[in-house]
Each structure stands twice: as C-alpha cells, then as structure tokens.
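Inspection log for the structure reproduced underneath, given as structure tokens.
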Amino acid sequence: MQTPHPHPEPPQSLEQLMARANSLAGYNLGQLGEIAGLGIPGHLRREKGWMGMLLETLLGAKAGSKPEPDFPHLGVELKTLPVDRHGKPLESTFVAVAPAEGWQGVTWETSHVRQKLACVLWIPILAERQLAPAERVVATPLLWRPNPVQEQALRQDWEELVEQLALGHFDEISAHKGQVLQLRPKAANGRVKVQARNAEGQLVAVQPKGFYLRAHFTRQLLAEAFSLV
DNA sequence: TAATGATCATCT
DNA sequence: AGATGATCATTA
C-alpha cells in the first residue's frame, strides 16, 4: 500500500486511480486533511463540499467548476458518499442540474445524467453526524458502472421526469416523483430564480432544480458490489 | 451567474 | 428515522 501524496498529478490510468483510492481507505479525514495541507473544519455547516474537495485533492482530480468528469482522460466521475456504521448512505447524491428549458429533443442516451453516471468512483465515508469531520473515516472505494437493471431504472425515472419538464411542469415537480432518481431544489437559496416556460408557454421564474439519486439506490449498489453475490 | 462540491434543517 | 425542501462555499 502506498502512502497518500498531498497533491498528486491526475492519475494516468484507472489502475493508478484505484490504487490511490484504496490507499486512502482506513484513514480518517483529520489525517488526510493534514496530509493535504488543508484546514479541517469543526463541522460542515458552512463547508458542505469539504469532504468531496479533500478527496478530489488527494486523488488528483481537477479542482474547479468545469462541466467535465473529475477524471476526463479516464471518463470517471468521483463521488464521496456519507454512510453510517453499517455502510448505509446517509444522504441522497447530487448528479446534475436540471435545466429549466430546452428539453425538446433531449434523450436519455445523450443526457448529462447518463454521462455523469456512466462510470462513478464511489468513496464511502463513515460520516454519521455525531462524528466531527476529522473523525470521519474513508472506506473501501467502489468503481461502478450501472448494470442493465440499474440503468433501466434510471432511464425510466429520467424519461418520466423530463417529460414533465418538457410539458412545462418544472415548478410543479416535487421530490416525490421518481423511484431512484428525483428532482430537488439546487440553489444557493430560495431567492435564486431561473426562467422556465409553464404549460401555457408563459415565462415564469422558478427555483433551480437538480437530479439526485435516492439513498436507497446508492445503498443497493453498494450492497450488490460488496455482498457475497 | 452558473458550475463545481454536497449537507443542513425541518417536517412528517 | 427517513425524506423533502433549503441552503453554503468556492471557482471561472
């Protein structure tokens, strides 16, 4: 096992990326934050993306806000996943923004959701809320591609949700829709608005939304990967 | 402003 | 407890 490097270059191969990811398992975030030379917050109330940014740094992902996979050369998206002591996800997982307009002609095959989920490096982190960030522990990583059953479930939800968006129901869709994929607010706050067209074609100001994976979906994909089957 | 990284806070 | 709706930091 290698020792984590503070600021590695982007990995040149999938094998190198996985070797790095495996080398982080077992460390707590206090140790890793120190290795990376980052400040370690006492809580994540104001730094909700801190765990994700830390893992990006240690794995050599491109920092910043580019609309690209975290490892473009490898086609791999990095996602940290907070889990409880049993490995059960504690939160849903943000996937992609849902544009308020322009859905006509968009298909699942070319969708950002499918592209983002084509190949994901999941880094589960024991992150129960009672644990301070420094005490949270990195678990065994999982390189995942949707199997046919999973992709079909994602596709079905995506098509149902996008149909509603295309029909002008952006502002009416709640998080209750979708078995594995849902739409939820995704904005700095409730005053942020974007323009959408309603069912009558009128321009209306709506709160931005994003696609999220339900926790039971990520729970199942972890279970399938790590169980005996 | 819009994209990245997500978790928080509250209600049921 | 679990899920929904709301929110926070940073960067280009």
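- Heavy atoms of A:Ala187 sit under 4.0 angstrom from at least one base atom.
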Between the protein and nucleotides 3-6 of chain C, which nitrogen or oxygen pairs are less than 3.5 angstrom apart?
residue, atom, partner, partner atom, Å
C:dT4, OP1, A:Ala175, O, 3.3
C:dT4, OP1, A:Arg214, NH1, 3.1
C:dT4, OP1, A:Arg214, NH2, 3.3
C:dT4, OP2, A:Gln182, NE2, 2.9
C:dT4, OP2, A:Arg214, NH1, 2.7
C:dG5, OP2, A:Ala175, N, 2.7
C:dG5, N7, A:Arg184, NE, 2.7
C:dG5, O6, A:Arg184, NH2, 2.8
C:dA6, OP2, A:Gln207, OE1, 3.3

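- Rounding to whole angstrom units, NZ of residue A:Lys116 and P of B:dT4 are separated by 4 Å.
- Scanning for ring pair (Phe, Tyr, Trp, His ring centres under 6.0 Å) contacts around A:Phe217 gives an empty result, with sequence neighbours left out.
- In the region residues 72-89 of chain A, proximity to DNA chain B at under 4.0 angstrom, judged on heavy atoms, holds for A:Glu77, A:Lys79, A:Thr80, A:Pro82.
- Summarising the local packing, CD of A:Glu151 is surrounded by more than 12 heavy atoms from other residues, nucleotides or ligands at distances under 6.0 Å.
- Across all strands, A:Lys209 comes closer than 4.0 Å to no nucleic acid atom at all (heavy-atom distances).
- Among residues two or more places apart in sequence or in another chain, the side-chain hydrogen bond (donor to acceptor under 3.5 Å, both in side chains) test is passed with A:Thr93 by none.
- Nucleic acid contact class of A:Gly49 (heavy atoms, under 4.0 Å, all strands): base.
- In terms of the salt bridge (charged side-chain N to carboxylate O under 4.0 Å, His left out) criterion, A:Glu34 has no residue partners (sequence neighbours excluded).
- A sub-4.0 Å separation between OP1 or OP2 of C:dA9 and a side-chain N or O of A:Arg46 is present.
- Annotation: salt bridge (charged side-chain N to carboxylate O under 4.0 Å, His left out) contacts of A:Glu91 (sequence neighbours excluded): A:Arg129.
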